[in-house]
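Since the structure comes first, as structure tokens, the remarks are kept for the end.
Order of listing sets the numbers, starting from 1, for every ligand and every atom in it. Heads up: numbering here begins at 1 and tracks the sequence.
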Amino acid sequence: MYEEMDKLIEKASILIEALPYIQKLYGKTVVIKYGGNAMINDKLKNWVMEDITLLKYIGVNPIVVHGGGPEINSVLKKLNVESQFVNGLRVTDMQTMEVAQMVLVGKTNKELVSMLNQKGGKAIGICGIDGNLIQARKHYEIVNGEKVDLGYVGEVVSINAKVLEMLAKDEYIPVVAPIGVGEDGTSYNINADTVAAEIAKAIKAEKLMFMTDVEGLKYDKNSSEIISAISADEVLKMIDEGKIDGGMIPKVLGCIDALKHGVNRTHILDGRIPHCILLEIFTDKGIGTMIHL
Ligand SMILES: NC(=[NH2+])NCCC[C@H](N)C(=O)O
């Protein structure tokens, strides 16, 4: 009898631990880059949708930016579209771009919107073409000092923050597919990590969070200990020293760029942990790596 009561009281203390963070984030915006395993595994997907819906219901405004997951490749394969490579980098030709846009906007984005709506959230899916949300231009990759043309791969020129603010400040949860649009109406495929960081900067989000398939940043690759909090300068030093994996670099650089443009805190999360978003935001210790100025 007493034991049961103690357990219940413990639950209250968990909620109370969250109170200062709820107060701090009330009415503020959190940009969440959704990707990796958390997009593939059904259980993980479900937990992410619950976390995002809960955020909205307690007065925090989440904006979700998603990647493509493995689906684009599988559709390309089904349609027998073969990829060209230059210098080992995949080229997004016209046909590939069409498939990427179809999958990202027509399938992935709408699935996420529908899942959030199932949880009671009011999600609205948009891509960078809608309301000119993501204005883009062609991106040239520099390889060994030379400009390499990768086709319809774009970079962000500017973000039309008003579109997102309108939705997020109202009762909606914007879900953004990372397709940008050029001045002449051309669609570009843009790295979703970069889009998340640019959106966070443009709307001066309180937080930017990246869901990944790693535990977090580590000082030593072989150690199991993750870095709980670290400054932007220390991260830059780690990049110089070659201590950060290639795939993580766009994410940590996105964090640093966002911090320098007014985002308060940025987080790298292990998207394989159930309810990683809630655990990071509403506990003192968090579960990921927090990068601050
Ligand atoms: N990985 C960490 N050290 N996280 C701390 C998170 C602290 C707090 N919940 C926040 O979101 O700001």
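Of the possible donor and acceptor atoms, one in the side chain of Thr289 sits under 3.5 Å from a partner among the backbone N and O of Ile227.
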For each nitrogen or oxygen atom of ligand 1, which protein N/O atoms lie closer than 3.5 Å, and how far apart are they, rounded to 0.1 Å?
residue, atom, partner, partner atom, Å
ligand 1, 1 (N), Ser228, O, 2.9
ligand 1, 1 (N), Glu280, OE2, 3.1
ligand 1, 1 (N), Gly288, O, 2.8
ligand 1, 3 (N), Ser228, O, 3.1
ligand 1, 3 (N), Ser228, OG, 2.8
ligand 1, 3 (N), Lys285, O, 3.2
ligand 1, 4 (N), Glu280, OE2, 2.9
ligand 1, 4 (N), Lys285, O, 3.3
ligand 1, 9 (N), Glu280, O, 2.9
ligand 1, 9 (N), Ile281, O, 2.7
ligand 1, 9 (N), Thr283, O, 2.7
ligand 1, 11 (O), Lys207, NZ, 2.8
ligand 1, 11 (O), Glu280, O, 3.4
ligand 1, 12 (O), Lys207, NZ, 2.9
ligand 1, 12 (O), Arg265, NH1, 2.4

Fill in: Test side-chain contact (heavy atoms from CB on, under 4.5 Å) applied to Tyr34 and Met39, step by step
CA-CA 7 Å; Tyr34 177 51; Met39 264 182 103; 3.3 Å; yes

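Checked against Lys119 for a side chain to side chain donor-acceptor pair (under 3.5 Å), the options Asp51, Thr53, Asn46 give a single hit: Asn46.
By the 4.0 Å N-to-carboxylate-O rule, Lys218 lies too far from Asp220 to be salt-bridged with it. Taking a cutoff of 4.0 Å between a charged side-chain nitrogen and a carboxylate oxygen, Asp149 and Lys138 qualify as a salt bridge.
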Kindly list each side-chain donor-acceptor pair under 3.5 angstrom involving residues 247-258, sequence neighbours excluded, with atom names and distances?
residue, atom, partner, partner atom, Å
Lys251, NZ, Asp193, OD1, 3.2
Lys251, NZ, Asp193, OD2, 3.0
Asp257, OD1, His261, ND1, 3.3
Asp257, OD2, Lys201, NZ, 2.8

